[in-house]
Amino acid sequence: MPRAKKIVPTPSVVEPNVAIYADKLTFSYNAKSTSGKRALTDISLTINRGEFVALVGHTGSGKSTFVQHLNALMRLQQGSLNVLGHDLAQKKPNLMQLRKQVGMVFQYPEYQLFADTVLEDVCFGPKNFGVPASEHEQLAKKAIELVGLDFEEVKNKSPFDLSGGEKRRVAFAGVLVSEPQILVLDEPTAGLDPQGKKEILQLVRKLNKEQGVTVIMVSHDMNEVYENADRVIVFRDGCLVYDLPPQQLFRLENEIEDMNLEVPQVAAFCNVLEQAGITLPTCHNVEEVFAALCALKEGSNA
Amino acid sequence: MLRDVTFGQYYLTKSFVHSMDARIKLILCLLFMVGIFFVQSFVGFAFVALFLLVAIGFSHVPLGSIVKSIKGIIFLLCLTALLNMFFTKDGNLLVSWWIFEIYDQGLIVAAKMLLRLVFLVMGSSLLTLTTTPVDLTHAIESLLKPLKVIKFPAHELALIMSLTLSFIPGLIEETDRIISAQKARGASFDSGNLIKRAKAFVPILIPLLVGGFRKAEELANAMNSRCYEGSTNRTQMRVMKLSWRDLVGALITVAVFATIFVVYAMRSQWSTITWLYF
Amino acid sequence: MSETTQQNVIIELQNATYYYKTFAEDGTAVQDIGVEGVTLSICEGDFVALVGHNGCGKSTLAKLLNGLLRPTNGKVLVSGMDTADKKCIFDIRKSVGMVFQNPDNQRVASIVEEDVAFGPENLGVPSAEIRERVYKALEQVNMVEFAHSAPSRLSGGQKQRIAIAGALAIQPKVLVLDESTAMLDPLGRKEVLAVAHQLNKQGMTVILITHFMEEVLDANKVIVMNNGHVVSQGTPMEIFTNTKLLEEVGLRAPRAVQLSHLLHQAGFAVTDNNTDIKMLGGEVCQELKR
């Protein structure tokens, strides 16, 4: 088969601080037919450990397909991919090890809960990954407390008896329990109210900043992206079109609007000021902009 | 795969057969399926083949698409042929090896059975290639309507079919997602013994079931909000009308199978007329 | 439209209360508050936004509006008809069209035009008129070209517009969008909102249930719910500026409003509660350049 040859093993130069290395990754759902529309074309990128990356693009832009490669839910077809030192060009990568290290929270993860009790559901991962049973409860306790729930109170409850927001946290705990080094989130805040959104994003930021977890977040909400990510990767029609820090990316207002994406409010504000020659220090959110403006005004008054 | 369930294997084009009324097509297809079992001779099969070819010609569906439908049942075809070949102990013995014996009648019976099944599949796929599942649903509802007298739930049956058609794409997507999500948590579905494997599906089935109830509730609310109250006083947007095409199509098909029935009846009376037999 | 002097009340809730029956862990029946003691009226031609966090009772309230739920106590009147009166339920549902959250779960047919036809078919409308209604409804949501498509192939926003068309085909006076934008991406949300506002301009009463405060901006009345109670009613501006209230109920004003309010209070010469971030930017520039 000619296609097999196109899988390229990762070169040995991949540095230890690299979490994800992809080179010319190409994928199509109908691999046999040459006319089959490609879901991904020549994706090359390097993501370092500890980064907070947002993946942005419309439905069908290829971001979900890309993300599913990261723990081998999609098999490599062309190009090379290395995730945390696992070379996915290998015929039999260590799937269990890989999936333990790359946690994946799918859209509406609460719809994937299944067990009788919260504890059992959260322990599903460790059980599958062969973690000794004696450690399960300890790990589950840590994860459930991490997502802000009371372990003793919820552990024996049915996950289906919880409120919507609590269900989502339990689902998060079911992924975090394996202590992943990379956390992939597919629209983690979809369907939540503002308070729920805020709490989930706080949790993700905390994991990223305090525990050094590499975060890859797929999102449609540009405000959310701007306010949280260090780096934004834009997919369009299966190609990587931008890979920039949010402050730089959203300066390109025309290009962003051409792609039918929104310019975040804070970015739009900063752009207006910048055009008038006023440059603010890097601001992520309304509060930071306000503080910066106050400082600026005081400075000019003094 | 199953993703295109809305249109089934519908082959989008315009043709004589496409524009025929789904009810007529459905009835004629049933006639065809029954009729084919009354064909006894190879001449008869040639006759049917000719009819099928003409029908396919008028449907503008490439012959390849129809032949493709046979692929799916190739195993069944082989099995039927082999069984007929080995278990018919009639006529002259041709080959004998170990416990296997093949008689000439066995070959003939096997060949006829094979032809029958192939034609059966070709005929029914001609129906599904030229009629959308939605049209078929309407046809079934309309044809079963008279059974309302005996309280047969024709409308409900059609509604269930319609709902199934519209929910399947979403369900497949959701199943995919749940499988991926559980795999990402280390679940594997292809290791261990049978019981272990069966158990591995619990984390997929439970979320699907729970999701099913959730969907059902929202659907019920949506249907109630749109004034659904069962089949009483219901009307339909689509009015099915018969045209000259239906008449022509029906006449030809009926004529073909009338001939077949007549030949069948004659053959059983004068079974000595051997040319009809071959 | 709120300025028109004579407004007819179309929906009226009088002390409406709904309790869900659930079971505690020991098996005893308990009552959970859905909504409690809600009194409010909605006028013809209004664009009302109903906001609150998840589980605050806004969806329960929505289901009371067309008799999907009947109040445990109190009354819900639609054009004077009581939703508790079984004889009126058909007429009530004919005047209050409802669109739900998940576009995939409210579809009855796998072809767009057939799905839209479901309502009028149930009402026993003659075939030719059904077709007219279906195409008019599809026109209103700008989806005529997809009449023969399979909804499963459409985007979220398009699917939800089809669902709206399905409600419009019944020719209701009120359209309730029960978190119909919650599952959509920003583009889809914009599409659905545009349709809602367009319909409102043509005289439709719209009740939009949401927790995206950006969607509330153009409503002429906002109702805030918390724990099953209506805690505040007013214009979007009145609600947005009530920072304390918003914090209490777990909502946030749009970012532009937040920033302009903060700046205004800190003594910047900017318009208070500005919804236009670019205009705010311009004002700040002028201020800083002085």
Side-chain angles (χ1 to χ4, degrees), chain B residues 2-8 10 12 131-138 141-142 155-156 158-174 177 211-241, chain C residues 59 62-63 65-69 89-94 96-135 148-153 159 163 166-170 172 176 178:
Chain B
L2 272 165
R3 280 175 205 285
D4 283 332
V5 73
T6 316
F7 293 108
Y10 186 67
L12 186 74
T131 321
T132 60
V134 175
D135 284 334
L136 273 179
T137 309
H138 281 291
E141 179 175 5
S142 167
H155 159 71
E156 284 75 9
L159 183 68
I160 289 169
M161 284 173 63
S162 172
L163 286 175
T164 311
L165 284 175
S166 62
F167 270 78
I168 284 178
L171 275 178
I172 291 172
E173 230 168 73
E174 190 160 340
R177 190 155 60 222
F213 281 115
R214 195 181 55 241
K215 281 174 199 293
E217 198 190 329
E218 203 170 14
L219 177 67
N221 278 332
M223 286 172 67
N224 278 330
S225 298
R226 285 158 79 182
C227 304
Y228 183 67
E229 235 200 6
S231 57
T232 39
N233 302 325
R234 241 182 147 258
T235 46
Q236 281 193 316
M237 174 173 74
R238 191 186 295 227
V239 192
M240 289 194 270
K241 271 196 210 134
Chain C
S59 280
K63 292 190 183 82
L65 299 180
N66 72 345
L68 283 176
L69 299 175
I89 204 74
F90 228 54
D91 287 319
I92 287 169
R93 291 195 180 145
K94 250 183 353 194
V96 183
M98 199 169 288
V99 178
F100 296 89
Q101 187 178 36
N102 190 338
D104 286 323
N105 294 352
Q106 38 189 319
R107 205 165 52 218
V108 293
S110 49
I111 300 285
V112 167
E113 61 164 15
E114 304 225 348
D115 185 44
V116 177
F118 183 71
E121 285 181 343
N122 290 333
L123 294 173
V125 175
S127 304
E129 200 194 321
I130 296 180
R131 194 163 284 277
E132 253 170 55
R133 284 192 186 197
V134 166
Y135 278 83
H148 298 283
S149 311
S152 55
R153 301 263 182 93
K159 283 181 194 172
L168 292 178
I170 309 170
V176 181
D178 184 2

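Labels below follow one simple rule: chain letters A, B, ... track the order of the sequence lines, proteins then strands, and each chain is numbered from 1. Predicted model, so just to flag it, every value in this text is computed and none were measured.
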Checklist outcome for this item: When every non-hydrogen atom of C:I111 is compared with those of B:V134, the smallest separation belongs to CG1-CG2, 3.5 Å
Checklist entry - Within the distance-only criterion (no hydrogens, no angle test), does the side chain of B:S162 pair as donor or acceptor with the backbone N or O of C:V108 below 3.5 angstrom? => result yes
Item to check | Atom of B:S225, atom of C:N66 and distance for their closest heavy-atom approach | outcome: OG-ND2, 3.2 Å
Item to check | CD/C:E129: more than 12 non-hydrogen atoms of other groups inside 6.0 Å | outcome: yes
Item to check | Between B:R226, B:E229, B:R238, the one whose heavy-atom pairs under 4.5 Å with chain C are most numerous | outcome: B:R226
Checklist outcome for this item: Heavy-atom closest pair (C:F118 atom, B:R234 atom, distance to 0.1 Å) is CD1-NH2, 3.2 Å
Item to check | Interchain contact, B:M161 with chain C, by part (heavy-atom threshold 4.5 Å) | outcome: neither
Item to check | Per-residue contact mode, B:H138 against chain C (heavy atom under 4.5 angstrom) | outcome: side chain
Next on the checklist: To the closest 0.5 Å, what do you measure between CG (C:L68) and CG (B:N224)?
Outcome noted: 6.0 Å
Next on the checklist: If you count heavy-atom pairs within less than 4.5 Å of chain B, which of C:A163, C:A169, C:S127, C:G119 leads?
Outcome noted: C:S127
Checklist entry - So which of C:G166, C:A167, C:A117 has the biggest tally of heavy-atom pairs under 4.5 Å with chain B? => result C:G166
Checklist entry - Any sub-3.5 Å donor-acceptor pair from B:T235's side-chain atoms to C:P126's backbone N or O? => result no
Item to check | Leading residue by heavy atom contact count with chain B [cutoff under 4.5 Å; candidates C:M98, C:R133, C:R93, C:Q106] | outcome: C:R93
Checklist entry - Between B:N233 and chain C, which part of the residue has a heavy atom less than 4.5 Å away: side chain, backbone, both or neither? => result backbone
Item to check | For chain B, the option from C:I130, C:D104, C:N105 that forms the most heavy-atom pairs under 4.5 Å | outcome: C:N105
Checklist entry - Which atom names give the shortest non-hydrogen contact between B:M237 and C:E121, and what distance separates them? => result N-OE2, 2.9 Å
Checklist entry - In terms of heavy-atom proximity below 4.5 Å to chain B, should C:D115 be classed as side chain, backbone, both, or neither? => result both
Checklist entry - Hey, is the main chain of C:N102 close enough, under 3.5 Å, to the side chain of B:E218 for a donor-acceptor pair? => result yes
Checklist outcome for this item: Bottom line for C:V134: the part with an atom under 4.5 Å from chain B's heavy atoms is side chain
Checklist outcome for this item: So, the part of C:P120 with a heavy atom under 4.5 Å from chain B: the answer is backbone
Next on the checklist: To the nearest 0.5 Å, what is the distance between CD on C:E114 and OG1 on B:T137?
Outcome noted: 8.5 Å
Checklist entry - What's the shortest heavy-atom distance between C:S110 and B:L165, and which atoms? => result OG-CB, 3.8 Å
